[in-house]
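Notes follow the structure.
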Amino acid sequence: MAEQEQGNNIPKVYDPQSFEKKWYKFWEENKFFHTEVDKSKKPYSIVIPPPNVTGQLHMGHALDNTLQDILIRYHRMLGDNTVWVPGCDHAGIATQAKVEGALREEGLSRYDLGRDKFLERVWDWKEKYGSRIMYQLRTLGSSCDWDRQRFTMDEGCSRAVREVFVSLYEKGLIYQGTRITNWCPSCNTAISDIEVEHETEKGHLWHLRYRIEGTDQYVEIATTRPETMFGDTGVAVHPDDERYKDLVGKTLILPVVNRRIPLFADSYVDPQFGTGAVKVTPAHDPNDFEMGLRHHLEQIKVIGNDGTMTKEAGKYAGMDRYECREKLVKELEETGVLVSVEEHEHAVGHCSRCHSTIEPLVSKQWFVKMETLAKPAIEAVRDGRIQFVPERFTKTYINWLENIRDWCISRQLWWGHRIPAWYCDECGETSVSRTDLTKCPHCGSTHIHQDEDVLDTWFSSGLWPFEILGWPEKTAELEHFYPTSTLVTGYDIIFFWVARMVMMGLEFGKDVPFRHVFIHGLVRDSQGRKMSKSLGNGIDPVEVIEKYGADTLRFMLITGNTPGNDMRFYWERVESARNFANKIWNASRYILMNMEGFDKSFKPDDADYTLADRWILSRYNATVRDVTANLDKFELGESGRMIYDFLWSEFCDWYIELTKERLYNKEDARAKNTALYVLSHVLEGTLRLLHPFMPFLTEEIWQKVPHDESCASIMISPWPVSDESAVLAKAETDMTAVMETIKTIRNLRAEVGAAPGKKSEVILNFTAENLRPVFAANGTYLEKLASASVVTLLPAGSAKPENAMAGVVDGVEIYLPLKGLIDVEKETARLQKDLDKLEKEIKRLSGKLNNQGFLTKAPQAVVDGERAKLEGYEAKKQAVEGRIADLAKL
RNA sequence: GGGGUUAUAGCUCAGUUGGUUAGAGUGUCUCGUUGACAUCGAGGAGGUCACAGAUUCGAGUUCUGUUAACCCCACCA
């Protein structure tokens, strides 16, 4: 195919739109993403963090999936039995809220429709928008095995969820309890602790006085939430608090409602805070709830599920909780109950979804007992069966699990996995079952009804790694791909998701769910703010892909930051990545344009290789080695940067330039073919190296470059292997001397403003004779790249030219007889500056080399290296000094 | 209250086990239409690596403390 594609037809500018869709279709149609279990190969598996079914691709997804795709494509090329299982999450609250929002537009609520009709609407919604994000992931280039796509509410997942629920219930790890939970009055459901976001807010501390029954004395209490006083069923003080010692056991009269409540002692109370006396509202505060249990206090619910006051609040009944607070404080003030008001900062919980203030309420909910599940999950990370990358997240994870509290899993929603519990209306028993019940297993009554609530979305997400591999069936996939290899996710869901998967995986999958947890940060806006809808500062990755291409976006996202750290989005960085793509495009174009008629079977002999050839092959193989090593360490950004540097700074800036001589010189076909061979060979290998990062561009070019014809696509071609025998130190040092010399000449010419067209003789004197043959053989490089008219190599010991610009690199002194252009004064000043720098370095190094401690304690290689450096500097210094003396004579 | 991250060029960031004259991208200045690329090339300017100690022959890199910014966790009303 390569020969037919004429280089001349290749567009001058990189245009991703012209090929990205084409290649994705090609890959998908040829089933390159699909994997069957192959036990003869090493498995490599990733399960996608399931995006919300009705969501759409945002920058965080783009980053997360780029990282996964790089790992997947890398391992696929390594020859592993590689699978990336995609799917999405039903996202209970989020999805239900969207559908309810749509209903509201029609003036309806979910209750108007009823449960069944409402769920039909949600499924319709899911069908309509459910595949959008999966198509967006395709535009990013994600090589998921789409044949294995799953959904957290599909049949298999639902079965897994029920199996796990019932099993945990049977083990006593799931229980139902009436206790204080976080209630969101706006979402109208209980939520778990981690769904509550605490924010410090400015509030007040109201001091109120409660009269002691039968006296004119008062006990002063302090509260941040006066409206809860209707539910006060006691006042607590610390048992050792001298101020209240004699009052413990007395009865107080609750103002406004005039209820008799006890004053009791409990060591929970902090005597230092407020007045040392706390009003106790068991139905509305977790601590008060506990105290209430200890002292057998009544629970009086004064705030309802909708955030308004109940009938217990008397005349305030039906009023919003905050309006009530305001009015009540006024009444307390007027009636002399309010003693004083203090400014007070305290943490207030908000719903992570809708941001309403959370109301701690007593209600009956289902909980998972965490302690027994958490322990093995801690162990698995402690003993290294699971490794976090970067490692520091281990601490976050363990610390959370060590202080974990029971997980409230029931939600008062309709969209989700309905809790498989049935209540008998006759005998009152609760039955939990794997199959739907129609009659009570205890009394046989058919008057039973299922629990109305659904499970927390994260309950099913927690089963993801094994449920989508077929559990509870014993599938070949489960056996081969579980535990999965790497989990890629953001640090923001370590608690929500990672920890739960580990616990569930160990309990039901019988092993850890994954070996590595590769954590990344957030993509922020250019000012470092979180991208959000409300701020309107989000950048749509789809827009970036349309404008600049998926490869560009991918490369931009994974370079320029360190694993686990947040990154900022800049359009300038996108452009920079695009420029890189364009650079590759054009370098390839240069090569392809010159390959017309190239005989693919041509293979150079060892003697055909020039210094430049050996050098680029050496650099290429070293790059393959280093990129591979970094990928294995999850240093994806570093790998990308290495390819960038190699391709741009070495391959393009130097090697391609150095081949032009041979390519444009038609006389020596063998030399030309050797250059073409090396060019295409290195390009082809580097494309494979780059493929996981920029899949589309590399495929587009690779198809045109000579390659292993047994591979239909670069994505299923083998990963490059470094040929260590081609990594040649001598080729690298020789070439470095040539490149340094060229740079120095350019430098000198720029110094005097020599016109580019005005060529000059270059005279070289060697302080390291071993470099003489290098320059003797490669003098044309200086002519091409340093505007040398003729290169003269001074015989050893001959006089140095006068009236010439001078520069010096390791082993070589360079003279440019740019007559008439030299400004003696300026030139002397410049050389003096160089000299000062050299002297400073020489002083530093000789100090070091005279230090006995350094000589005896530093490794010999380091000492030798420093000594060689010093010698180099001294040679340079001599040359510069000599040159300054020469100038003085002019 | 506990824990974590960050502090390196104007800006955004690399710098992996301590040892090159501390790097890149971007911006900025000078020059450049030579047959891959102006989405480019050549060259320049620009950093006491937050501060103070400690360890070491040697610290941007390790340790301690300080300061600043950010984040997470946390039931003192």
Grab the N/O contacts between the protein and nucleotides 4-10 of chain B below 3.5 Å, and write none if there aren't any.
unit_1, atom_1, unit_2, atom_2, d
B/G4, OP1, A/Lys395, NZ, 2.9

Under-3.5 Å N/O pairs linking protein and nucleotides 15-19 of chain B:
unit_1, atom_1, unit_2, atom_2, d
B/U16, O2, A/Lys633, NZ, 3.2
B/U16, O4, A/Glu638, OE2, 3.4

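Between B/U17 and B/C63, the distance separating the two P atoms is 11 Å to the nearest Å. Nucleotides B/C29 and B/A9 are separated by 15 Å at their C1' atoms, to the nearest Å. Rounded to whole Å, the C1' atom of B/U34 lies 14 Å from the corresponding atom of B/C40. Nucleotides B/C37 and B/G32, compared at atom C1', are 15 Å apart to the nearest Å. Separating the P atom of B/A74 from that of B/A14 is a span of 29 Å, rounded to the nearest Å. Spacing of C1' atoms, B/A54 relative to B/U61, comes out at 15 Å, to the nearest Å. Across the C1' atoms, B/G19 and B/G60 are found 13 Å apart, a figure rounded to whole Å. Nucleotides B/C49 and B/G10 have their P atoms positioned 13 Å apart, rounded to a whole Å.
Here the closest heavy-atom approach between residue A/Ala581 and residue A/Thr552 is recorded as CB-OG1, 4.3 Å.
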task: Check step by step if side chain to side chain donor-acceptor pair (under 3.5 Å) holds for A/Glu201 and A/His350.
output: CA-CA 11 Å; A/Glu201 281 183 5; A/His350 296 267; 2.8 Å; yes
task: Apply side chain to side chain contact (heavy atoms under 4.5 Å, CB included) to A/Lys583 and A/Leu647, showing your working.
output: CA-CA 9 Å; A/Lys583 190 73 182 176; A/Leu647 222 35; over 6 Å; no
- prompt: Dot-bracket for RNA chain B, 5' to 3', counting Watson-Crick or G-U wobble pairs under 3.5 Å, with [ ] for crossing pairs and | for inter-strand pairs?
  reply: (((((((..((((.....[...)))).(((((.......))))).....(((((..]....))))))))))))....
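Residue A/Arg524 is out of contact with every strand shown, counting any heavy-atom pair closer than 4.0 Å. Residue contacts shown for A/Glu657 include a base, since a base heavy atom lies under 4.0 Å away.
Of the candidate nucleotides B/A14, B/C76, B/U21, B/U21 has the atom nearest to the side chain of A/Lys876. Looking at the side chain of A/Ser576, the nearest of the listed nucleotides B/A77, B/G25, B/U20 is B/G25. In the set B/C40, B/A77, B/C37, the nucleotide with an atom closest to the side chain of A/Asn586 is B/C37. The side chain of A/Glu841 lies closest to B/U21, out of B/U21, B/C73, B/U12.
A/Asp406 places a side-chain N or O within donor-acceptor distance of the main-chain N or O of A/Met370, the cut-off being under 3.5 Å.
B/A24 atom C1' lies 14 Å from atom CG of A/Asp653, rounded to whole Å.
A salt bridge is absent between A/Lys877 and A/Glu874: the closest approach of a Lys/Arg side-chain nitrogen to an acidic carboxylate oxygen does not fall below 4.0 angstrom.
At a cut-off of 3.5 angstrom, counting only N and O atoms as typed in the model, there is no donor on one side facing an acceptor on the other between the side-chain of A/Lys12 and the base of B/C37.
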